[in-house]
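Notes for the one structure printed next.
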Amino acid sequence: MMRFTTLIKNPADWMTGEGADNAVVLTSRIRLARNLRGEPFPGWAKKEQRRQTLEILRPAVENLPCMKDAFSQELDDLSSVQKQVLVERHLISREHAARGEGSAAVIERRQSIALMLNEEDHLRMQAIRPGMSLRAAYESLAAVDEELEQSLELAFDHDLGYLTTCPTNLGTGLRASSMLHLPALVLSDQIGQVLQAVNKIGLAVRGLYGEGTESLGNLFQISNQSTLGESEETILRRLERVIAQVATHERNARDKLLEDDPEMVSDKIGRAYGVLRHAWIIDSKEALNHLSLLRLGGDLGFLPQETVKSCDALLMDIQPAHLQLHSGRKLTPEERDQIRAEIVRSRLQTLEAPDIRSTRKKNGNDPDPEIL
Amino acid sequence: MDCDICGKKAKVHLTQLVGGQIKKIALCDDCAKEKGVTDPTGFALAEMLLGKTPGKVVAPVPPVVQGFGRRCPECGFTLDDLRRIRRFGCAGCYTTFKEEVNQMLRGMHKGSKHCGKVPAGLMELHERTQRLEELRGRLDQAITSENYEEAAGLRDEIRQIEIKTSTRSTERP
Ligand SMILES: [Zn+2]
Ligand SMILES: [Zn+2]
């Protein structure tokens, strides 16, 4: 079995991989909730019952072909920083990290499939892929599900489908979501309208690292709310359609910003570059917001295309637990802000300043007057 | 005040105590209907709706219904426990509290009947259950329209499937 340090040493496949429509859709995630028949749900079970369930689940999960050489660990055996790192990588949930005895995580070595044992449900399975790839993520997880059905007796009802601890997950037990980067919709003040429209169709939207109502880094997650009364196919198809529409809106907004107000866009990206290259103290909110603009700069051609990838890696690596893991000790918030700035500076060391004129040429919006 | 979902003029105003905090929510008639808020005083849908607020990581919570002392025979769970932890105790609770579940599901999902994937081992049973349901519906119709010949045929078909199902279930360990 894989050790924690080995697992975490490398970025997840979905963090670095190139997916379809990567410039707007960062990742696609599928989650399936499943429970065993005849065993009390984890939140209601007594300690011994949780242990007993784990003893049924764990071998079944570890024997999955995709879990060969996987990481498999009881949460009680992990430090709080280690658990937090897994949360920051979206490999376990916050709720799962908080659970005590009898909970475990089994994570495929490339981190694209992660299974939580005794979370809110007995089994929460997740697949993550880069870019717009809900379908591929679903297919990989459905294969895991089918395999597990051979060895586990799942709680299923002919009317209610897969029985889950909370009735909000009944039926398919499927939660599908994509993380979207929407800086141009935010800059052009169209974001509220778009999110309201998405909500109106019965999909949930939330800002990613945000507290309260603000969203940090212009990152938003769109997911299905309803799990009962529709097939997996219908749920995925609606979500795919809506996400594609939002992505198109975002791309149009990017084009329009460049056309209408190139000075404003250049200024924003230039300032973000300046701060990230030269700051010595930076909190995560400021870092996320500037990285978002740098990422936009990479996509618009102000900066090399690889900037998008560097930003994505940084989004993950500047989070609190990742910083502590990186420096190997507990850090005060002040120390974190310094180390965060240091990491950002060193990663962007070779990144040259954004060039506005070359941008416009590359984008083909305006012919370069110097050439004419 | 405008509707929190679509921005139209709000007609329904909910104030809910959620986790010790007062949350207010405003809905227009259409969205209220869509979310199943027919009785604005009796439902705790606030969190379900607030789940949409950007940045709010609040899982939708089922509205809690009036409880009595009934107990799930499989796990000992009661409706009072549901009010407290807002999750069920075991899969068997769904049978024990069938009516309450049905009430809760109204407006929570796009439908009330599963139409997704079925575990491979249960596929045959599932198809048979679906077929029985369809036949029983047709039987009711045939009787109402006094089409007794068709009713007799349907009744035979139903009986055959039922016999097959019961011999099957005794075969199972
Ligand atoms: Zn409305
Ligand atoms: Zn029960």
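Sequence lines set the chain letters: A, B, ... in the order given, protein chains first and strands last, and positions in each chain run from 1.
A donor-acceptor contact shorter than 3.5 Å links the side chain of A/Glu232 to the backbone of B/Lys117.
The closest side-chain heavy-atom distance from B/Val101 to A/Pro167 is not below 4.5 Å. Looking at B/His114 and A/Leu160, their side chains never come closer than 4.5 Å, going by heavy atoms from C-beta outward.
Rounding to the nearest 0.5 Å places OG1 of A/Thr165 at 15.5 Å from CZ of B/Arg86. The structure places NE2 of B/His109 at 6.0 Å from OG1 of A/Thr168, a figure rounded to the nearest 0.5 Å. In this structure, B/Cys75 SG and A/Glu39 CD are separated by 11.5 Å, a value rounded to the nearest 0.5 Å. With values rounded to the nearest 0.5 angstrom, A/Asp159 atom CG is found 8.5 Å from B/Asn102 atom CG.
Of all the heavy atoms in A/Thr172 and B/Gly116, the pair that sits closest is CG2-CA, 4.3 Å. When all heavy atoms of B/Leu122 and A/His158 are compared, the closest pair comes out as O-CE1, 4.2 Å. Nearest heavy-atom pair across B/Val118 and A/Tyr162 is C-OH, 3.8 Å. For the pair B/Ala91 and A/Ala155, the tightest heavy-atom approach, listed with the atom from each and the gap, is CB-CB, 3.6 Å. B/Cys90 and A/Pro40 get closest at one heavy-atom pair: CB-CA, 3.8 Å.
When the candidates A/Gly173, A/Gly161, A/Ser226, A/Gly192 are compared by the number of heavy-atom contacts under 4.5 Å with chain B, A/Ser226 comes out ahead. Chain B forms more heavy-atom pairs under 4.5 Å with one residue of A/Leu170, A/Leu154, A/Leu148, A/Asn35 than with any other, namely A/Leu170.
Residues satisfying the side chain to side chain contact (heavy atoms under 4.5 Å, CB included) test with B/Asp81, not counting sequence neighbours, are A/Trp44, B/Phe77, B/Thr78, B/Arg84. Looking at residues two or more places apart in sequence or on another chain, you find a side chain to side chain contact (heavy atoms under 4.5 Å, CB included) between A/His181 and A/Leu26, A/Pro183, A/Asn218, A/Leu219, A/Arg254, A/Ser292, A/Arg295.
Taking a 6.0 Å sphere around CD of A/Gln193, one finds it holds 12 or fewer heavy atoms contributed by other residues, nucleotides or ligands. Environment of NE2 in A/His249: sparse, with no more than 12 heavy atoms of neighbouring residues, nucleotides or ligands closer than 6.0 Å.
Both the backbone and the side chain of A/Glu230 have a heavy atom closer than 4.5 Å to some heavy atom of chain B. With a 4.5 Å cut-off on non-hydrogen atoms, A/Thr164 touches chain B through its backbone and its side chain both.
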